[in-house]
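One is the number of the first residue; the rest follow in order along the sequence. The shown structure was predicted, so the numbers you read here are calculated from the model rather than taken from an experiment.
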Amino acid sequence: MPEVVFSVDQSKSMRAQNVPGHNRWHPDIPSVTMVKPGAEFRIECRDWTDCQVGNNDTANDVRDIDLTIPHMLSGPIGVEGAEPGDLLIVDILDIGPVPQQTGDAAGQSWGYTGIFAKANGGGFLTDYYPDAYKAIWDFHGQQAVSRHLPGIRFTGITHPGLFGTAPSAEMLAHWNAREKALIDTDPNRVPPLALPPEGTNALAGTATGDLATRIAAEGARTVPARENGGNQDIKNFTRGSRVFLPVYVKDAKLSGGDLHFSQGDGEITFCGAIEMGGFIDFHVDLIKGGMEKYGISTNPVFIPGNVEPRYTEFLTFIGISVDHDTDTNYYLDATLAYRRACLNAVEYFKKFGYSGEQAYLLLGSAPIEGRISGIVDIPNACCSLYVPTAMFDFEVRPSAAGPAKADRGQCALTT
């Protein structure tokens, strides 16, 4: 096993660890350790919410998540010799739930998927499903099953939802300015257009005193992906992946977390993956001056891993850039097209006895594949959503016999 350079006691909050992590992006968060190029090492991680969600049959905990706390990140890990303009090579050697543990923390043999309430973050279909719901998943090796979505078993593509390098002070200022400008276009929107710096519950790693106060006031929230990588939620960042991350500060300062047992493309419920704590094994190296050499100036480049389920048959749903609720056409709107593909899938699975909320949870957590299939034929963009048929224990393909409707239970609800 590689050396553990960031350890986590799953019985304690990230704030109470011997060496705490952080939940804001800022260049001045101190590195917790240094590694050399070529090093292999392990970081242990908490669930992204710092374990605010329990293994139970109510969605009240999802409804009440305090979103000033996420994401809890392990690190930063400094890389000797890394300088602005370099590319940090990050190989994912291994990743998984908390090894050989069962318990109350997500990742200790179980995980969860949540639909966030519109008033607390929302999700891709929040206008259709504005309340909070939840599904608990039990892990059986590489497979997941849920008492809240009976009749389904699938193999997950385990991956970190979030890892990245620290921004420079100049980049951080640009982030905050441009996101404030976006917020100012509709400051009272629910859910908000973006999240500005927020000192409440900010965790600045090992920084203390005035430095910690300044990091809390200036630090960027970890919710969106940005130039440094961050919360990209790419399901194919699994074992065997190689990521080329831009370096913006001395030592690069690599951090990671938000582990997912599985996820569908888009993580559409916001808490749409199967969320968990666990571990990641990394290998790191450097390409000196790599940003200029390869023209990688604003976002990472990656080579996906070759570990994924061998699903070969799919039921595919199509969406176009037409809002069928109002019969309004939009011009090459791929976001709307993907939303309509998701809604078409939800309506289809409701015919088999699942509720709309159950179907929504499934599309966020299972290894579905989302694609922009056409983005040139005016006026309609076309997106497609590939759902593996083998994960159902009943026939889901259309036939003359009609859908096999049955009592499919229910997901966890709010009270």
Side-chain angles (χ1 to χ4, degrees), residues 49 53 59-67 70 112-135 148-149 179 182-196 221 223-225 231 233 263-273 275 317-351 354-366 368 370-373 375 379-385 387 410-415:
T49 71
V53 177
N60 290 359
D61 47 12
V62 171
R63 178 196 64 197
D64 298 334
I65 284 176
D66 186 341
L67 287 177
Y112 65 91
T113 303
I115 295 173
F116 268 42
K118 184 173 184 178
N120 193 32
F124 194 50
L125 307 181
T126 195
D127 290 336
Y128 299 86
Y129 299 98
D131 299 319
Y133 300 89
K134 183 177 75 178
H148 297 125
L149 284 91
E179 289 172 24
L182 175 61
I183 293 167
D184 287 347
T185 64
D186 190 357
N188 298 315
R189 184 179 185 271
V190 178
L193 289 169
L195 299 175
R221 305 293 295 279
V223 172
N231 195 29
D233 289 316
Q263 180 202 296
D265 282 334
E267 198 187 9
I268 61 174
T269 73
F270 181 37
C271 187
E275 306 286 351
F317 299 89
I318 305 300
I320 58 175
S321 47
V322 173
D323 183 344
H324 292 286
D325 299 324
T326 61
D327 199 30
T328 303
N329 221 128
Y330 291 82
Y331 180 78
L332 296 182
D333 189 331
T335 301
L336 175 58
Y338 194 58
R339 182 176 292 116
R340 296 311 309 189
C342 292
L343 288 168
N344 289 341
V346 167
E347 289 303 310
Y348 185 87
F349 290 120
K350 285 165 64 174
K351 297 298 184 181
Y354 291 112
S355 68
E357 292 80 13
Q358 285 176 303
Y360 187 15
L361 286 162
L362 174 64
L363 297 181
S365 56
I368 64 168
R371 302 178 186 176
I372 297 177
S373 299
I375 199 68
N380 288 336
C382 177
C383 288
S384 49
L385 184 73
V387 179
Q410 67 176 21
C411 57
L413 311 175
T414 54
T415 56

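Atom CG of residue Asp66 and atom OG1 of residue Thr49 lie 10.0 Å apart, to the nearest 0.5 angstrom. If you take CG on Leu362 and CD1 on Ile368, they are separated by 7.5 Å, rounding to the nearest 0.5 Å. To the nearest 0.5 Å, atoms CD1 (Ile268) and CG (Leu125) are separated by 5.0 Å. Arg63 contributes atom CZ, which lies 15.0 Å from atom CD1 of Ile115 (distance to the nearest 0.5 angstrom). The SG atom of Cys382 sits 10.5 Å away from the CD1 atom of Ile372 when rounded to the nearest 0.5 Å. The structure places CG of Leu413 at 8.0 Å from OG of Ser355, a figure rounded to the nearest 0.5 Å.
Here Phe349 and Tyr354 keep their ring centres 6.0 angstrom or further from each other. Not less than 6.0 angstrom separates the ring centroid of Phe270 from the ring centroid of Phe124.
You'll find the side chain of Leu332 stays beyond 4.5 Å of the side chain of Pro379, heavy atoms only. Residues Tyr330 and Val322 have side chains not in contact (no heavy-atom distance under 4.5 Å, counting atoms from C-beta outward). Using a 4.5 Å heavy-atom cutoff, the side chains of Tyr112 and Cys271 are in contact. A heavy-atom distance below 4.5 Å is found between the side chains of Asn60 and Thr415. Using a 4.5 Å cut-off on side-chain heavy atoms (C-beta onward), Leu363 and Val387 make contact. Counting only heavy atoms from C-beta outward, the side chains of Tyr348 and Leu343 never approach each other to under 4.5 Å. Counting only heavy atoms from C-beta outward, the side chains of Leu67 and Phe116 approach each other to under 4.5 Å. Side-chain contact between Arg340 and His324 is present, with at least one heavy-atom pair separated by less than 4.5 Å.
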Report task. Take Tyr129 and Val346 through the side-chain contact (heavy atoms from CB on, under 4.5 Å) test and state the conclusion after the steps. Result -> CA-CA 11 Å; Tyr129 299 98; Val346 167; 3.2 Å; yes
Query raised in the report: When you look at Lys134 and Asp61, which way does the salt bridge (charged side-chain N to carboxylate O under 4.0 Å, His left out) test go after all the steps?
Result: CA-CA 9 Å; Lys134 183 177 75 178; Asp61 47 12; 3.0 Å; yes
Query raised in the report: Please walk me through it: do Asp325 and Tyr128 pass side-chain contact (heavy atoms from CB on, under 4.5 Å)?
Result: CA-CA 11 Å; Asp325 299 324; Tyr128 299 86; 2.3 Å; yes
**Report entry** Intermediate values then yes/no, side-chain contact (heavy atoms from CB on, under 4.5 Å), Cys342 and Arg339
**Finding:** CA-CA 5 Å; Cys342 292; Arg339 182 176 292 116; 5.7 Å; no
Query raised in the report: Taking it one step at a time, do Tyr133 and Val62 satisfy side-chain contact (heavy atoms from CB on, under 4.5 Å)?
Result: CA-CA 7 Å; Tyr133 300 89; Val62 171; over 6 Å; no
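More than 12 heavy-atom neighbours from other residues, nucleotides or ligands sit within 6.0 angstrom of CG on Asp186.
The two residues Ser384 and Ile318 have their closest heavy-atom pair at CB-CD1, 3.8 Å. The heavy-atom pair separating Gly121 from Pro191 by the smallest distance is O-CB, 3.6 Å. Contact record, Leu182 with Ala194: CD2-CB, 4.4 Å, taken as the closest heavy-atom pair. Looking at every heavy atom in both residues, Thr185 comes nearest to Pro187 through C-CD, 3.9 Å. In this structure, Ala341 and Cys383 approach most closely via the heavy-atom pair CB-O, 4.0 Å.
For Asp127 and Lys118, the salt-bridge test passes: some basic side-chain N is under 4.0 Å from an acidic carboxylate O.
Side-chain atoms of Asp333 and Tyr338 form no donor-acceptor pair, as typed in the model, at a separation below 3.5 Å. Looking only at atom types and distance, the side chain of Asp131 has no donor-acceptor partner in the side chain of Thr414 under 3.5 Å away.
With Arg221 contributing its side chain and Val223 its backbone, the two residues share no donor-acceptor pair below 3.5 Å. For the pair Gln410 (side chain) and His148 (backbone), a donor-acceptor distance under 3.5 Å is absent. With hydrogens and angles disregarded, a donor-acceptor distance shorter than 3.5 Å links the side chain of Ser321 to the backbone of Ala381. For the pair Asn380 (side chain) and Ile320 (backbone), a donor-acceptor distance under 3.5 Å is absent. Judged purely by atom type and a 3.5 angstrom limit, Glu347 has no side-chain atom pairing as donor or acceptor with the backbone of Asn344. Checking side-chain atoms of Glu267 against main-chain N and O of Ala273 turns up a donor-acceptor pair under 3.5 Å. Without hydrogens or angle criteria, Asn120 side chain to Ile65 main chain gives a donor-acceptor distance under 3.5 Å.
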